[in-house]
Amino acid sequence: MRRFLANMMVIAAALCLTGIPLRAGEKPAAKGPDEDGTKPALVKIAGEGLLNSHAFQYLTELSDDIGGRVTGSVNERKAEDWGLAKMKAMGLENVHTEKYTIWRGWTRGIAEAEILSPVRHKLHVDAMGWTGSTPAGGAEGELVTVNMFDFDTEIKNAARLKGKVALVVRRGKPSKDFMMLFAQLGDFLKAAGSAGTIAIIVGQGGGKSAGMNLTHTGILGFDADFSVPVVSMTAEDQGQLERFLDRGIAPRVRFSVQNTFTNGPVETANVVGEIRGREHPEEIFVVGGHLDSWDLAEGTTDNGSGTAATLGAADAIVRSGQRPRRTLRFVLFTGEEQGLNGSFAYIKQHKTELANHLGDLILDYGQGPVKGFQLGGRDDLIAVFQPFADSLSNLHPVKVDDRVETGTDTLPFTIAGLPGINMLQDTTDYEYTHHSAADALEAQKQDVLTHNATLMALAAFWIADRPERFASPWPAERTAKMLRAQHTYEELKAFNLWPYGDLGAEDKDKQPQN
Ligand SMILES: [Zn+2]
C-alpha cells in the first residue's frame with residue numbers, strides 16, 4: 001500500500017513538472033539517455049569501451065590458452081579459474097563461483113568411420129556430445145536411411161536397425177512441427193540403441209552439417225544422453241552416401257567410436273562478479289554469456305565472444321568510474337551447451353532474490369555485429385527501451401522487439417517472468433563456426449567484438465542506472481499466456497521445460513483432468 005501511494009506521488013510530481021495533463025491510465029513517455037540523466041556516464045563508458053577495450057585480449061587468452069571447455073571437464077574448470085582471476089583483476093566486487101552439478105559428465109574419445117563398398121575411403125565424422133560408443137575395435141554393417149519426418153513409424157520399426165548404421169534423412173512432408181520432431185529424436189535414439197544399431201549419423205537438430213568439410217557436434221536434447229553412438233558427418237561425405245542410397249546401393253560402412261561417461265553427476269560452476277548499485281544495491285540486472293564450449297576447436301564464437309563481451313563490458317564500466325543506481329551482476333554461465341544448466345541453476349539458487357531482479361542480457365550468437373535487442377516476451381518494455389536504442393543510432397543502429405529466445409541463457413529468466421534479453425547479431429558465418437573445428441580466433445573480427453562489448457556495457461548500464469526501475473517479474477499467468485502466444489508452449493512442453501500446467505491456456509485447450 002505504501003508503495004502504491006509512493007508511486008502515485010511520483011506520477012503526480014511528474015505531471016506537475018511536465019505540465020502536460022495525462023489521461024487516466026496513460027503513462028508518461030519513456031525517457032532516453034538525453035532526458036533521464038544517464039548520458040554523461042554512458043559517454044564515459046563508450047569511450048572506455050571503444051578506445052580502451054580489453055575484450056579481444058580476453059577472447060585471445062580464453063581461445064588460445066584454455067581452448068575447448070566442455071562442462072565439467074578439467075579445461076572448463078580452468079576457464080572458471082581464469083574468469084575469476086579476470087573479474088578480480090578488473091576490480092569487480094563480490095567475485096565468486098556458484099557451484100552446481102550436471103547429471104553426468106562426458107569425454108570425447110576417437111570417432112573413425114570408413115565406407116567399405118561400393119568404394120573405399122575414410123569418412124569424416126565426430127561424435128555428438130553425451131552419446132555412446134561402438135564395441136572396442138568398431139563394427140561394420142550396412143547403411144540404411146531413417147526418415148526424421150516420420151519418427152512415429154521409425155520408432156515402431158526400430159528392430160530393423162539391428163547391426164546396421166542408420167543415416168537420418170528428411171523425406172516428404174514433416175509429420176509434425178520441427179521442434180517436436182527434434183524432441184522426438186531422443187525417443188528414436190533410445191529405440192535404436194535398444195535395437196542394437198551400430199551407430200547413427202545425424203547432425204545438430206537432426207540436420208546435415210553446414211560448411212566445407214565440417215562436422216558440428218552438440219547435445220541432442222536438454223540434459224539428454226544416449227548410449228548409442230551418434231555422429232555428425234561432413235556434408236560432402238554424407239552427400240555421397242545419400243546419392244548411393246538414392247540409386248538403390250546400400251553402402252557397407254565401418255564405425256569405431258569411443259566416448260566415456262562419468263558414473264554420476266559432475267560439479268561445475270557459474271562465475272559471478274558485481275558492480276554494486278549506488279542507490280538500490282539489492283536490485284539486480286544480470287549480464288552474461290556462457291563460458292563452456294564444445295571441444296572440436298577453441299570455442300571462440302560459441303561463446304568465447306559472449307564471455308569476452310561480458311568481461312569487456314564490465315571492464316569498461318569499472319574503468320569509466322561510473323556506478324549504476326542498481327547492481328550489475330556479471331555471470332559467466334556454464335552448462336549452456338547441455339541444456340542451459342547454468343542459467344537454470346542460477347534461477348534456482350537465487351529464487352528468493354528473483355523479485356528484485358530486472359532481467360538478464362545475453363550475447364550468444366557468435367561473431368557478428370549486434371543488430372537488435374529481443375526483449376524476451378516483454379512487450380511492455382519495447383516503448384521503455386526504444387528511446388535508449390534510438391540514442392545509439394549514431395554509433396550503431398539497432399532494432400527492438402519482444403521475441404523470446406529459447407536457445408540460450410535468456411530462457412530461464414523469461415520463464416521466470418523476467419525479460420531475458422537477447423542481443424541479436426548479424427552473424428552468417430556462425431552457421432559454420434559454432435560447434436565445429438572452425439570455431440577458432442580467426443572467426444572473430446576484433447573491431448566487431450569491441451563494438452558488441454561496448455553496446456553490451458551501454459545497454460546494461462542504462463538499464464541498471466535509469467531513475468525508474470526497468471522491469472519487475474510478471475506473474476506466472478501473464479508469462480504463460482505470453483509464452484503460448486509466442487508459440488513456445490509445444491517446444492518447452494516437449495523438452496519438459498513447461499512449468500505452468502494449464503495456466504494461460506484458452507478453456508478449449510485445457511487438458512482433461514483425469
Ligand atoms: Zn552458445
Side-chain angles (χ1 to χ4, degrees), residues 55 58-59 62-63 66-73 75-76 79-80 83 102 128-130 182 203-205 207 210-211 214-224 232 268 270-271 286-311 330-346 360-368 370 374 376 404-414 420-441 443-444 448-449 452-453 456 495:
Y58 298 141
L59 186 61
L62 183 62
S63 299
I66 295 172
R69 38 202 186 275
V70 172
T71 305
S73 68
N75 244 23
E76 184 264 294
E80 289 170 24
I102 63 163
M128 298 301 286
W130 273 252
F182 180 52
Q204 272 226 309
L214 290 176
T215 63
H216 298 267
T217 189
I219 200 88
L220 293 161
F222 283 77
D223 295 2
S232 166
T268 176
N270 297 324
V271 181
V286 171
V287 183
H290 68 89
L291 185 60
D292 67 305
S293 79
W294 287 105
D295 54 343
L296 297 180
E298 299 186 318
T300 296
T301 67
D302 191 10
N303 183 224
S305 299
T307 297
T310 304
L311 292 175
F330 300 91
V331 185
L332 306 179
F333 295 104
T334 58
E336 195 274 348
E337 295 291 359
Q338 287 67 47
L340 318 182
N341 298 69
S343 44
F344 275 117
Y346 178 93
D360 81 338
L361 176 69
I362 296 290
L363 188 143
D364 183 20
Y365 204 4
Q367 59 272 53
V370 168
Q374 300 178 302
V404 169
E405 173 54 62
T406 57
T408 187
D409 297 312
T410 45
L411 180 66
F413 286 76
T414 296
I421 305 174
N422 183 47
M423 296 179 77
L424 189 64
Q425 293 165 263
D426 200 358
T427 197
T428 44
D429 286 354
Y430 188 62
E431 182 187 359
Y432 309 115
T433 61
H434 83 287
H435 299 198
S436 82
D439 196 1
L441 197 64
Q444 177 68 67
V448 175
L449 178 66
N452 288 351
M456 196 178 207
F495 288 113

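Counting starts at 1 for both ligands and their atoms, following the listed order. Just so you know, these numbers use all the heavy atoms, side chains as well, and skip hydrogens, waters and symmetry mates. What you see is a predicted model; the values in this text were computed from it and never measured.
- Checking Leu411, Asp409, Val287 one by one against Ile362, the side chain to side chain contact (heavy atoms under 4.5 Å, CB included) holds for a single residue, Asp409.
- Each of Thr301, Thr433, Thr300 was evaluated against Asp439; a single residue qualifies, Thr301, per the side-chain hydrogen bond (donor to acceptor under 3.5 Å, both in side chains) test.
- Residues Tyr432 and Ala438 share a closest heavy-atom pair of O-CB, 4.3 Å.
- Exactly one of Thr310, Asp364, Thr71 qualifies for a side-chain hydrogen bond (donor to acceptor under 3.5 Å, both in side chains) with His290. That residue is Asp364.
- More than 12 heavy atoms of other residues, nucleotides or ligands lie within 6.0 Å of OH in Tyr58, so this atom counts as buried by the packing criterion.
- Between Phe495 and Phe222, the ring planes are tilted. Angles from 30° to 60° get that label.
- Within the sub-2.8 Å shell of the Zn ion (ligand 1), the protein contributes these N/O/S atoms: His290 NE2, Asp302 OD1, Asp364 OD1, Asp364 OD2.
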